[in-house]
Number of protein chains: 2
Amino acid sequence: MASSTAQSTLPAHHPLVTGRTAESPLLNQYRGSRDSAGTPAAPHRRPVWFMRQAGRSLPEYRRLREGTSMLDACLDPEMASEITMQPVRRHDVDAAIFFSDIVIPLRLAGIDVEIVPNVGPVLGTPVRSRVGVEALPVLDDDAFAPITEAVGRTVEQLGATPLIGFAGAPFTLAAYMVEGRPSRDHLGPRTMMHADPDTWHALASWAADVSGRFMRAQLEAGASAAQLFDSWAGSLGRTDYAAHVQEHSAAALSHVSGLGAPLVHFGTGTGEILDLMREAGADVIGIDYRVQLDEATRRLGPQTPLQGNIDPALLDADWPVLEEHVRQVITSGSEAAGHVLNLGHGVPPTANPEVLTRVVELIHSVEPSTPSAGA
Amino acid sequence: MASSTAQSTLPAHHPLVTGRTAESPLLNQYRGSRDSAGTPAAPHRRPVWFMRQAGRSLPEYRRLREGTSMLDACLDPEMASEITMQPVRRHDVDAAIFFSDIVIPLRLAGIDVEIVPNVGPVLGTPVRSRVGVEALPVLDDDAFAPITEAVGRTVEQLGATPLIGFAGAPFTLAAYMVEGRPSRDHLGPRTMMHADPDTWHALASWAADVSGRFMRAQLEAGASAAQLFDSWAGSLGRTDYAAHVQEHSAAALSHVSGLGAPLVHFGTGTGEILDLMREAGADVIGIDYRVQLDEATRRLGPQTPLQGNIDPALLDADWPVLEEHVRQVITSGSEAAGHVLNLGHGVPPTANPEVLTRVVELIHSVEPSTPSAGA
């Protein structure tokens, strides 16, 4: 079904069109494909991947990145592709997540932005006024060339394993643009919404456009799913999210709807706004470690497939404690139409990669049971 | 009533014993004193104070603090008292909040801790092992002398206006102690709970003891209420809060229960655990700006008095926008047994003090209406 809707807009060699990823347990769960009896289709195996699986927790990553800045690594197609592949080879996860950064579309548009180690994204000139927003550059689609090349190289190696593309959501991008660097409370963008709503709207619209087109570039080049990261949406109450943010996230997602690729929406601390995030146009909701999956299903209804939510704080616990936690997460997610295991937050840089591999083995070993009576 | 239960344990000259703060609109709301018909008693005026009202937003504070480090200022009774009084004089708020810092009990216990400007609390030696916890010093009650002197000086000047004492909750104190500095995810203490629960329990017990005794010192010296700040509790899911944190916050609060002083419990991002925070032994729950007060009442029941929750992000908006927001907060809080206006987070350092004064005037001007039909 997905491939038929996608055929007209994705190139003929795309995995969603050729059907190369058609048997993917991950895409199957993302699609929440309940059969006519209402029970979720059993996956070949229980799928799992980890946010930030490609990155600092892996010694092979640290070796490869040595001497190359974060954004330069993202824009080197060979390096980005190799980094994307590393955790797939090591952990046998069920998807690759494209190695990139949410500020890459800003850099490609010509904005002066750098990832400062131990700080995060820092902009040369924060965007705080109408004049600043009006001076924002136009992002040329040709600028995505290093991204599409890296995606192409990666998909070639992945075979039947899907690649997930991603982008930062408009609020999160705009938060970096207004503050000029990471902040704890995101008071700058939250103030702009109320003190200067027109400028906020213009800025968030710009961010939605580059965010959506960044996802689309990855999908057209071969990714089979995409995740919109609203890292800082948890700093918003429902009222602000509904009035000033949701429409922009919806605009970003609209760039990639109708391609047949499942769309995941995730942010931390977003328990209050899960339903609004789905309404923005997502198929799957990522749940952070704070809200248990059965509670997420109560808030979202059983039709919404979930992703998550192993607590990264458990990765250093004794194995029986971690194993019990992973099994609880599996049980807790069994009421949703689909469930892809993941962490409830990114892999910590200090995580032991061998523990991650063992978690994947555990998840793959748990019988894809028929759903419990209540599901 | 409060003064009779307090008489035996508070000194004879204490405001709660002499009745000097008996008519306080703030204490009245904190006590949620519904009359026999179930309607909240009308306050003389609608009470308001601001978290961090004593501090960086005030030019008179910045002048006074010049050349004195944060913790030295907290431990100078004359300076701490004057800083505590500044916002009461300027804004005509309904309570003073004692000028101090949540790491003061650590410093008084002899731990090497400093507040580094633009960073926050930094410890010379983070506490990450059982050995580290066992080596923690014993805090001598005599060490509170500068605190009790500052409180005494302040209460003398305050007349019928109550002073609120405070402390950091055990999880928040322990988070600083494990990480050694502020962190975004508090992964250190959250990991310790699972990886080494005995050490976590010992550390949190130590923190609960110094936290509770710090509040008790302020109350015995003349404060009429106290607030436990669990600044980082929002990083916890319900399961972890219930299993590893709640009992320690309860232990801290038990040091000051039964004195006749209302106890407020507050943290940001705590929408998922409001009921558990109340169960820890608080009379009043502070609500951050993310959850509307009518929703908080749904979660806590109408018997629980609330504090909050003007969004600091609105302080820079045009006055009509801010006024409308403040009026909405008043309406939204009208279903609770009591309501003390406050911000939903601390005063930002960049806030315009004149706006805060105007907000106080607005709140004091809104008729203490009879509650709406549903209340």
Side-chain angles (χ1 to χ4, degrees), chain A residues 120 182-197 200 231-241 244 268-273 287-293 295 299 309 311-322 324-325 328 332 344-351, chain B residues 120 182-197 200 231-241 244 268-273 287-293 295 299 309 311-322 324-325 328 332 344-351:
Chain A
S183 71
R184 185 171 290 154
D185 299 324
H186 319 299
L187 198 63
R190 295 198 299 106
T191 294
M192 189 189 277
M193 289 174 195
H194 299 283
D196 189 355
W200 167 255
S231 311
W232 305 138
S235 70
L236 297 162
R238 276 185 78 80
T239 316
D240 275 355
Y241 187 84
H244 304 288
T268 57
T270 50
E272 305 285 344
I273 57 171
I287 307 294
D288 93 344
Y289 64 85
R290 290 171 180 85
V291 174
Q292 302 226 28
L293 295 184
E295 173 62 23
R299 295 181 194 182
N309 66 350
D311 188 345
L314 272 289
L315 294 175
D316 277 344
D318 291 341
W319 176 253
V321 175
L322 175 54
E324 171 65 17
H325 174 63
Q328 277 171 354
S332 191
H345 202 329
V347 174
T350 53
Chain B
S183 71
R184 186 171 290 151
D185 299 325
H186 319 299
L187 198 63
R190 295 198 300 106
T191 294
M192 189 189 275
M193 289 173 195
H194 299 285
D196 188 354
W200 167 255
S231 312
W232 306 137
S235 71
L236 297 162
R238 276 184 77 80
T239 316
D240 275 355
Y241 187 85
H244 303 289
T268 58
T270 49
E272 304 286 345
I273 56 171
I287 307 294
D288 93 345
Y289 64 86
R290 290 170 179 85
V291 174
Q292 302 225 30
L293 295 185
E295 174 61 23
R299 295 181 194 183
N309 67 352
D311 188 344
L314 272 289
L315 293 176
D316 276 345
D318 292 341
W319 176 253
V321 175
L322 175 54
E324 172 63 19
H325 174 63
Q328 278 172 354
S332 192
H345 203 329
V347 174
T350 54

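Since the structure is predicted, the reported quantities are computational estimates derived from the model, not experimental observations.
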Original post:
chain B: which of A/Met192, A/Met193, A/His325, A/Arg299 shares the most heavy-atom pairs with it under 4.5 Å?
Top reply: A/Arg299

Original post:
Is chain B contacted by the side chain of A/Asp288, its backbone, both, or neither, given a heavy-atom distance below 4.5 Å?
Top reply: neither

Subject >> Contacting moiety of A/His345, where chain B heavy atoms sit under 4.5 Å >> reply: side chain

Original post:
Is it the side chain or the backbone of A/Asp196 that comes within 4.5 Å of chain B heavy atoms, both, or neither?
Top reply: neither

**OP:** Could you tell me which of B/Arg238, B/Glu272, B/Glu295 has the largest number of non-hydrogen atom pairs under 4.5 Å with chain A?
**Re:** B/Glu272

**OP:** With a 4.5 Å cut-off on heavy-atom pairs, point out which of A/Thr268, A/Asp311, A/Ile273 contacts chain B the most.
**Re:** A/Asp311

**OP:** Please look at A/Gln292 and chain B and tell me whether the side chain, the backbone, both or neither of the residue comes under 4.5 angstrom of a heavy atom of that chain.
**Re:** side chain

Subject >> Among A/Thr191, A/Asp185, A/Leu187, side chain to side chain contact (heavy atoms under 4.5 Å, CB included) partner for B/Pro312 >> reply: A/Leu187

Original post:
Non-hydrogen atoms of chain B under 4.5 Å away: do they reach the side chain of A/Arg184, the backbone, both or neither?
Top reply: side chain

**OP:** Name the member of B/Gly271, B/Ala313, B/Gly188 that forms the most heavy-atom pairs with chain A at distances under 4.5 Å.
**Re:** B/Ala313

**OP:** Over all heavy atoms of both residues, which pair between A/His194 and B/Val321 is shortest? Give the atoms and the distance, please.
**Re:** O-CG1, 4.3 Å

Subject >> Interface residue of largest heavy-atom contact number with chain A, from B/Ser235, B/Pro197, B/Ala317, under 4.5 Å >> reply: B/Ser235

